[in-house]
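For the numbers below, each heavy atom of this structure counts, side chains included, while hydrogens, waters and symmetry mates do not.
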Amino acid sequence: MRLEEPVEELLRTLASQVLGSLVHRYGDFARCEDAVQEALIAAGDTWPRSGVPAHPLGWLNTVAARRYIDQVRADGARERREWAALDAMPRDALVAPPPDAEPARDDLLELLFLCCHPALTVPSQMALTLRAVGGLTTGEIAAAFLVHEKTMGQRISRAKQRLQEVGAQFELPADPEGGPRLPVVLHVLYLMFNEGYSASVGPQLRRPDLTRQALHLVRRLHARLADSGETAGLLALMLLTEARSAARTGPGGVLVPLAEQDRSRWDTAAIAEGTELIARTLATRPLGPYQVQAAIAAVHDEAPSVEATDWPQILALYEILERLAPNPVTTLNRAVALGMVRGPHAGLALLRELESGVLAGNHRLLAVRAHLLERAGEAADAAAAYRAAARLAGSLSEQRFLVQRAAHCAT
C-alpha cells in the first residue's frame, strides 16, 4: 500500500524517536530496530484505514515495546539462557507505556553517540547513524557513500553486531566535547542535513524531515556543549543554509539556482540567528571547518544580489577551508568562486585538477564545468556538459534543471 505523503512523513519523523526511546529502555539495539520496523509496518497498514491516532508517538512506542517483548520471549523459547535474562528484568520494564504517554526525555542524542561508538569504524558509525537516527534507507545511504546497496547493508549489519559484542551502553560519553566521537557526530549530522537539503535520489529536491531532524539534534548538542566552536559553527551553517530553502524551487518543484532566487523569500530570522551565532563563535573559539563554511554562507545570505556578493571574501574563505580540511568538494566550490573573481577560464583550469580524482564522472563536477563554460560564452560545450550531468544526477529535480539549462544553451 502506498502511504499518503503526510502519514509517510509523520512515520519517518517519529521513527528515530521511537528507536531512541526503545534502546534507552531495553538496550538491545538490533532487536529494538527490528521492533520499531514492525511497529512502522503496523502503522502503515492501520493508519490509512482507521486514521492517525491522537497520540501517534505513544501508539508507536506501545506497539514497538510489545513487538520487542514478543521477540525476547520467542528467542527465549529457543535459547534458555535468555529466559534468565528476561526473568532478571524489572517487572515494570515489561509493561508497555499507555498509548497517550509521550516520553519525558529525548533519547536521540544518546542514540546518536551510541551509533558513533569508538568500537566501530568511522564509515560504519556514519552509516549506522544515518540509518537509525536519520531514517535513511540502505539504498539512500549507499548512494551518499557511492557504494552498492548490498555492501552498505552488510556494513550496517556488522556495525549493529559489533555494538552488541562490545556491550555498548546507551549513554552520553563522559567527555563528549573532548572525546573522539564528537567530530564523527558532527560529520554525520552534516551529511544528514545535506541529504535533506539536496536529496541524492528521488523525485523531490528536498527532504524536510531530515533537515528538521539534523537541526533539532545540533541545537540540542549545542545546548549541551556550549563551548564547542565547531558545534556552534555547524548550527550556524545549517541555519544560514536552510534560510534559503523556500526560494530553491519554482513551479513544479524545479531547482532554482542561487543566482536566480527571490531573496525576499529567504528567512530573515534564521539568517539573523545564524549570522549572530557565527560572528560570536569566530571571535571566541579556535577556527574550524564548519565555522568557515558558516562564514561563507553568511556572506551569501547578507548580499542583496549575486552581483553584490563579496566574491573575493568567499574565495579567501574557501582557500582557508582547503587548508583546514582538504576536500575535492571544497575545491569544486572554490572553482565557482574563482570563476566569479578571476573569470570562468580560471575556474575551468582549477576543475582540471579534479578530473582524475574521486569526483571524476560526478554530475556536480560536470554541472560546475557547464556553468563556467556558459559564463565563458561557450554555449555548445556548456549544453553538452549540462546534458552529461543530467544523465548522471540521481535527483529528478536536478535532472530537470540541468536539462533546462542545456536547452537554454542550445538555443
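- A 4.5 Å side-chain heavy-atom check between Leu351 and Leu332 finds at least one atom pair inside the cut-off.
- Checking side-chain atoms of Gln291 against main-chain N and O of Ile278 turns up no donor-acceptor pair under 3.5 Å.
- Between the side chain of Thr411 and the backbone N or O of His408, at least one donor-acceptor pair lies under 3.5 Å.
- A search for salt bridge (charged side-chain N to carboxylate O under 4.0 Å, His left out) contacts involving Arg375 returns nothing, not counting sequence neighbours.
- With hydrogens and angles ignored, the 3.5 Å screen pairs no side-chain donor or acceptor of Arg265 with any backbone N or O of Ala247.
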Apply side chain to side chain contact (heavy atoms under 4.5 Å, CB included) to Asp28 and Tyr68, showing your working. CA-CA 9 Å; Asp28 187 332; Tyr68 175 85; 3.7 Å; yes

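- Between Arg323 and Glu319, none of the side-chain N atoms (NZ, or NE/NH1/NH2) sits under 4.0 Å from a carboxylate O, so this pair counts as no salt bridge.
- Exactly one residue among Val218, Leu186, Leu221 makes a side chain to side chain contact (heavy atoms under 4.5 Å, CB included) with Leu235. That residue is Val218.
- With a 4.5 Å cut-off on side-chain heavy atoms, Leu189 and Leu112 count as touching.
- The shortest distance between side-chain heavy atoms of Arg131 and Arg155 does not fall below 4.5 Å.
- Every side chain to side chain contact (heavy atoms under 4.5 Å, CB included) that Asp34 has, sequence neighbours left out, goes to Gln71.
- Remark: the backbone N or O of Ile41 is not paired with any side-chain donor or acceptor of Asp45 at under 3.5 angstrom.
- Partners of Thr211 according to the side-chain hydrogen bond (donor to acceptor under 3.5 Å, both in side chains) rule, which considers only residues two or more places apart in sequence or in another chain, do not exist here.
- Residues Thr275 and Ala298 come closest through the heavy atom pair OG1-CB, 4.4 Å.
- When all heavy atoms of Leu240 and Ala294 are compared, the pair lying nearest together is CD1-O, 3.4 Å.
- Side chain of Ser21 to backbone of Gln17: no donor-acceptor contact under 3.5 angstrom is found.
- One finds the CG atom of Leu402 at 6.5 Å from the NE2 atom of His363 (value rounded to the nearest 0.5 Å).
- Side-chain contact between Leu57 and Val18 is present, with heavy atoms from C-beta onward closer than 4.5 Å.
- The two residues Pro56 and Trp47 have their closest heavy-atom pair at CB-CH2, 3.6 Å.
- With values rounded to the nearest 0.5 angstrom, Arg334 atom CZ is found 4.5 Å from Leu350 atom CG.
- With respect to the salt-bridge test (charged N to carboxylate O, under 4.0 angstrom), the residues Arg263 and Asp301 do not qualify.
- With hydrogens and angles ignored, the 3.5 Å screen pairs no side-chain donor or acceptor of Thr330 with any backbone N or O of Pro326.
- A donor-acceptor pair is defined here as one N or O able to donate and one able to accept, closer than 3.5 Å; such a pair exists between the side chain of His117 and the backbone of Ala119.
- A cation-pi arrangement, defined by a distance under 6.0 Å to the six-membered ring centre and an angle within 45 degrees of its axis, is present between Arg248 and Tyr197.
- Here the CG atom belonging to Asp267 is positioned 7.5 Å from the OG atom belonging to Ser245, to the nearest 0.5 angstrom.
- In this structure, the side chains of Thr231 and Val185 stay at 4.5 Å or more apart for every pair of heavy atoms.
- Partners of Arg387 under the salt bridge (charged side-chain N to carboxylate O under 4.0 Å, His left out) rule, at least two apart in sequence or in another chain, do not exist in this structure.
- In this structure, OG in Ser16 is found 3.5 Å from CD in Gln213, a value given to the nearest 0.5 Å.
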Assess whether side chain to side chain contact (heavy atoms under 4.5 Å, CB included) is satisfied between Phe401 and Leu205, documenting all intermediate values. CA-CA 11 Å; Phe401 167 74; Leu205 176 65; over 6 Å; no

How far apart are the C-alpha atoms of Phe193 and Leu234, what are their side-chain angles, what is the distance that settles it, and do they pass the side chain to side chain contact (heavy atoms under 4.5 Å, CB included) test? CA-CA 10 Å; Phe193 180 86; Leu234 182 57; over 6 Å; no

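- Between Gln37 atom CD and Cys32 atom SG the span is 12.0 Å, to the nearest 0.5 Å.
- Within a 6.0 Å radius of CZ in Arg285, other residues, nucleotides and ligands contribute more than 12 heavy atoms.
- Residues Glu355 and Arg369 are paired through a salt bridge, judged by an N-O separation under 4.0 Å between the basic side chain and the carboxylate.
- The closest donor-acceptor contact from the side chain of Arg67 to the backbone of Val36 lies at 3.5 Å or more, if one exists at all.
- A perpendicular orientation is assigned to the rings of Trp311 and His300, their planes being inclined by more than 60° (bins at 30° and 60°).
- Residues forming a salt bridge (charged side-chain N to carboxylate O under 4.0 Å, His left out) with Arg364 (at least two apart in sequence, or on another chain): Glu398.
- Side-chain atoms of Asn333 and Ile296, non-hydrogen and from C-beta on, never get closer than 4.5 Å to each other.
- Listed for the Glu38 side chain is no donor-acceptor partner under 3.5 Å among the backbone atoms of Ala64.
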Residue pair Trp59, His55: steps toward the side chain to side chain contact (heavy atoms under 4.5 Å, CB included) verdict: CA-CA 6 Å; Trp59 191 100; His55 300 280; over 6 Å; no

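- Considering CE of Met340 and CG of Asp310, their distance stands at 11.5 Å, rounded to 0.5 Å.
- Qualifying salt bridge (charged side-chain N to carboxylate O under 4.0 Å, His left out) partners for Glu149, counting only residues two or more places apart in sequence or in other chains: none.
- Judged by distance alone, the side chains of Glu353 and Thr331 never bring a donor and an acceptor atom under 3.5 Å apart.
- The side-chain heavy atoms of Asn362 and Leu392, taken from C-beta on, include no pair separated by under 4.5 Å.
- Side-chain N or O atoms of Thr309 include one that pairs as donor or acceptor with a backbone N or O of Val306 at under 3.5 Å.
- The minimum heavy-atom distance linking Ala43 with Leu60 is given by the pair CB-CD2, 3.8 Å.
- Under the 4.5 Å side-chain criterion, counting only non-hydrogen atoms from C-beta, Met192 is not in contact with Met238.
- Residues Leu372 and Pro344 share a closest heavy-atom pair of O-CB, 3.3 Å.
- Annotation for Val256 and Gly250: closest pair CG2-N, 3.4 Å, computed over non-hydrogen atoms.
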